[in-house]
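Everything on this sheet refers to the single structure shown next.
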Amino acid sequence: VHPGWPARLGPLVVPAGRVTLRPIRLRDAATWSRLRIRDEDHLRPWEPTGEGPWDARHHIGNWPGLCSSLRAEARKGRMLPMVIELDGRFCGQLTIGNVVRGALRSAWIGYWVSQADGGQGVATAALALGLDHGFGPVGLHRIEATVRPENMASRAVLRHVGFREEGLLERYLDVDGQFRDHLLVGLTVEELEATAADRLVRAGRATWG
Ligand code: ACO
C-alpha cells in the first residue's frame, strides 16, 4: 500500500455539476469504450499515438488488461489512475504517473473529459482535486504536465490551477502520428498558497459540494 492510494476525492461543484475522482475499475469497460470511440476526433489530436486503429484500441475487450496493468502500477506506488465522475457518472480520466520518491518526489499529471461534458469546468475541478491529493496524501513536492501549444483548452485548465510554463520540449512526444512540440509546465507545493481547490473556490470557479 502506498500513501494516497486508493482514494476518493471531491466533490467540487462546477457549472456542469458535482465533480469527484475515484480509482478506475473493471466495470468501467463499456463506458470507457463508448466515450473514447465516440470522442475520437476530440481526443486523438492530443493523445500519444498507439498501436493500431483507434476503434480497435478502444474495444471494450481491451479494458480489463489495461485496467489491471494500471492498477498493478498503482499498487506499486508508481501511478494513480482515476476516473473523473460528473454527478456520479464516468465522464473522463485523470492520471498521476511516473511517481518518483526520494529526493525528487515528483510525478506527471494528465486528463481527458468527454466532449459532451466539456467547457463547464470539469477538467479544471478534477485537476485541482488531483493536485491537492498529490501534494497532500501522496506526498509529492513537484507535479508537472506536458501539453501541445495548440491545445488552448488544456492550457487554460493548467493555468487556472496555477501551473507555470517552464519551456518548450521540441519534438517531444509522438502524438497523432508525429513527434510534436510540447510545453512543459510545473508546480511545486510551496507555490500553492492555499490548496488548488481553495484557489478555484476563491476565484469563483467552483464551490464545495
Ligand atoms: N481557446 C482558448 N480557450 C479555450 C478553448 C480554445 N479553443 N477551448 C476551451 N477553452 C477554455 C474554456 O473557455 C475554459 O476556460 P474558462 O473556464 O476560463 O472559460 C477552459 O478552456 C476549459 O476548462 P474546463 O471546462 O475545466 O475543461 P473541460 O472540462 O472542457 O476539459 C480538456 C478540457 C481536458 C482539455 C478536454 O477538452 C479534453 O479532454 N480534450 C481532449 C484531450 C486533451 O486535450 N487532454 C489534455 C491533454 S494535456 C494534459 O493532459 C496535461
Side-chain angles (χ1 to χ4, degrees), residues 9-21 24 31-32 34-50 54 57-58 70 79-87 89-99 106-132 134 140 142-169 172-177 179-187 196-197 199-207:
L9 312 179
L12 269 181
V13 176
V14 295
R18 233 171 106 91
V19 177
T20 49
L21 301 183
I24 57 167
T31 315
W32 169 80
R34 181 170 50 80
L35 294 186
R36 297 281 307 178
I37 289 174
R38 186 185 69 191
D39 278 1
E40 175 178 358
D41 294 345
H42 171 59
L43 299 170
R44 207 190 40 215
W46 316 117
E47 296 208 351
T49 303
W54 186 269
R57 275 167 54 205
H58 295 94
L70 294 173
M79 189 171 240
L80 292 92
M82 314 282 291
V83 161
I84 306 171
E85 288 188 338
L86 180 59
D87 295 329
R89 63 180 172 80
F90 183 126
C91 77
Q93 287 174 266
L94 178 135
T95 306
I96 296 177
N98 195 27
V99 175
S106 176
W108 55 251
I109 197 163
Y111 42 79
W112 68 272
V113 169
S114 87
Q115 191 162 24
D117 298 309
Q120 306 174 80
V122 174
T124 302
L127 183 57
L129 293 171
L131 283 181
D132 289 338
L140 297 174
R142 169 185 163 87
I143 299 179
E144 63 182 36
T146 55
V147 61
R148 291 185 65 184
E150 299 85 353
N151 193 345
M152 298 313 285
S154 185
R155 288 177 67 183
V157 168
L158 292 163
R159 205 168 46 242
H160 293 330
V161 299
F163 273 101
R164 253 180 312 103
E165 284 189 11
E166 295 182 321
L168 183 69
L169 305 173
Y172 174 65
L173 186 65
D174 184 352
V175 167
D176 199 17
F179 280 92
R180 313 277 184 178
D181 294 352
H182 279 70
L183 290 165
L184 175 64
V185 302
L187 188 60
R199 186 183 155 124
L200 288 191
V201 170
R202 279 201 236 136
R205 293 189 171 276
T207 56

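Just follow the structure's listing: the first ligand is 1, and inside any ligand the first atom is 1.
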*Can you list the steps and then say if Tyr111 with Thr95 is a side-chain contact (heavy atoms from CB on, under 4.5 Å)?*
CA-CA 6 Å; Tyr111 42 79; Thr95 306; over 6 Å; no
*asked:* Main chain of Ile143, side chain of Ser106: is a donor-acceptor contact present, judged purely on distance under 3.5 Å?
replied: no
*Is there a donor-acceptor pair closer than 3.5 Å between any side-chain N or O of Arg164 and the backbone N or O of Val185?*
no
*Take Leu168 and His182, measure what side-chain contact (heavy atoms from CB on, under 4.5 Å) needs, and give me the verdict at the end.*
CA-CA 6 Å; Leu168 183 69; His182 279 70; 6.0 Å; no
If the cut-off is 4.0 Å to any non-hydrogen atom of [X], which atoms of ligand 1 fall inside it?
| X | answer |
| --- | --- |
| Gln120 | 25 (O) |
| Thr146 | 48 (S), 49 (C), 51 (C) |
| Gly110 | 50 (O) |
| Gly121 | 24 (P), 25 (O), 26 (O) |
| Trp112 | 39 (O) |
| Ala145 | 51 (C) |
| Gly119 | 25 (O), 28 (P), 30 (O) |
| Gly118 | 30 (O) |

*Nearest to atom 47 (C) of ligand 1 by heavy atom, Asn151, Val147, Asp39: which?*
Asn151
Side-chain touch [X]/[Y], heavy atoms, less than 4.5 angstrom:
| X | Y | value |
| --- | --- | --- |
| Val201 | Leu12 | yes |
| Trp112 | Arg36 | yes |
| Leu21 | Glu85 | no |

Protein heavy atom at shortest distance from [atom]:
| atom | answer |
| --- | --- |
| atom 17 (O) of ligand 1 | Arg205 NH1, 2.9 Å |
| atom 39 (O) of ligand 1 | Val113 N, 2.8 Å |
| atom 11 (C) of ligand 1 | Ala156 CB, 3.9 Å |
| atom 38 (C) of ligand 1 | His42 NE2, 3.4 Å |
| atom 1 (N) of ligand 1 | Met152 CB, 3.2 Å |
| atom 45 (N) of ligand 1 | Tyr111 O, 2.9 Å |
| atom 22 (C) of ligand 1 | Val157 CG2, 3.8 Å |
| atom 10 (N) of ligand 1 | Ala153 CA, 3.7 Å |

*asked:* For Arg18, is there an ion pair with Asp87 - N to carboxylate O distance below 4.0 angstrom?
replied: no
*Lys/Arg-Asp/Glu bridge criterion (N-O < 4.0 Å) met for Arg180, Glu150*: no
Close N or O approach ([X], ligand 1; < 3.5 Å):
| X | result |
| --- | --- |
| Ala123 | yes |
| Ser154 | no |
| His160 | yes |

May I ask whether [atom] is less than 4.0 Å from at least one protein heavy atom?
| atom | answer |
| --- | --- |
| atom 13 (O) of ligand 1 | no |
| atom 35 (C) of ligand 1 | yes |
| atom 19 (O) of ligand 1 | no |

*asked:* To the nearest 0.5 Å, what is the distance between CD on Gln93 and CD1 on Ile24?
replied: 7.0 Å
*Distance, nearest 0.5 Å, that separates CG of Leu187 from CD of Glu144*: 11.0 Å
*Do Leu169 and Thr146 pass the side-chain contact (heavy atoms from CB on, under 4.5 Å) test, and can you show the C-alpha distance, the side-chain angles, and the key distance before you say yes or no?*
CA-CA 9 Å; Leu169 305 173; Thr146 55; 3.8 Å; yes
*When you look for heavy atoms under 4.0 Å from ligand 1, do you find them on the side chain of Thr124, its backbone, both, or neither?*
both
*Would you check, one step at a time, whether the test side-chain contact (heavy atoms from CB on, under 4.5 Å) holds for Trp32 with Phe90?*
CA-CA 8 Å; Trp32 169 80; Phe90 183 126; 4.0 Å; yes
*Mark the output for Gln115 as yes if a heavy-atom distance to ligand 1 is under 4.0 Å, and as no if none is.*
no
Report all side-chain donor-acceptor pairs from residues 116-128 shorter than 3.5 Å, counting only partners two or more places apart or in another chain.
| from | atom 1 | to | atom 2 | distance (Å) |
| --- | --- | --- | --- | --- |
| Asp117 | OD1 | Arg89 | NH2 | 3.0 |
| Asp117 | OD2 | Arg89 | NH1 | 3.3 |
| Asp117 | OD2 | Ser114 | OG | 2.9 |

*asked:* Among residues at least two apart in sequence or on other chains, which ones pass ring-ring contact (aromatic ring centres under 6.0 Å, His included) with Trp108?
replied: none
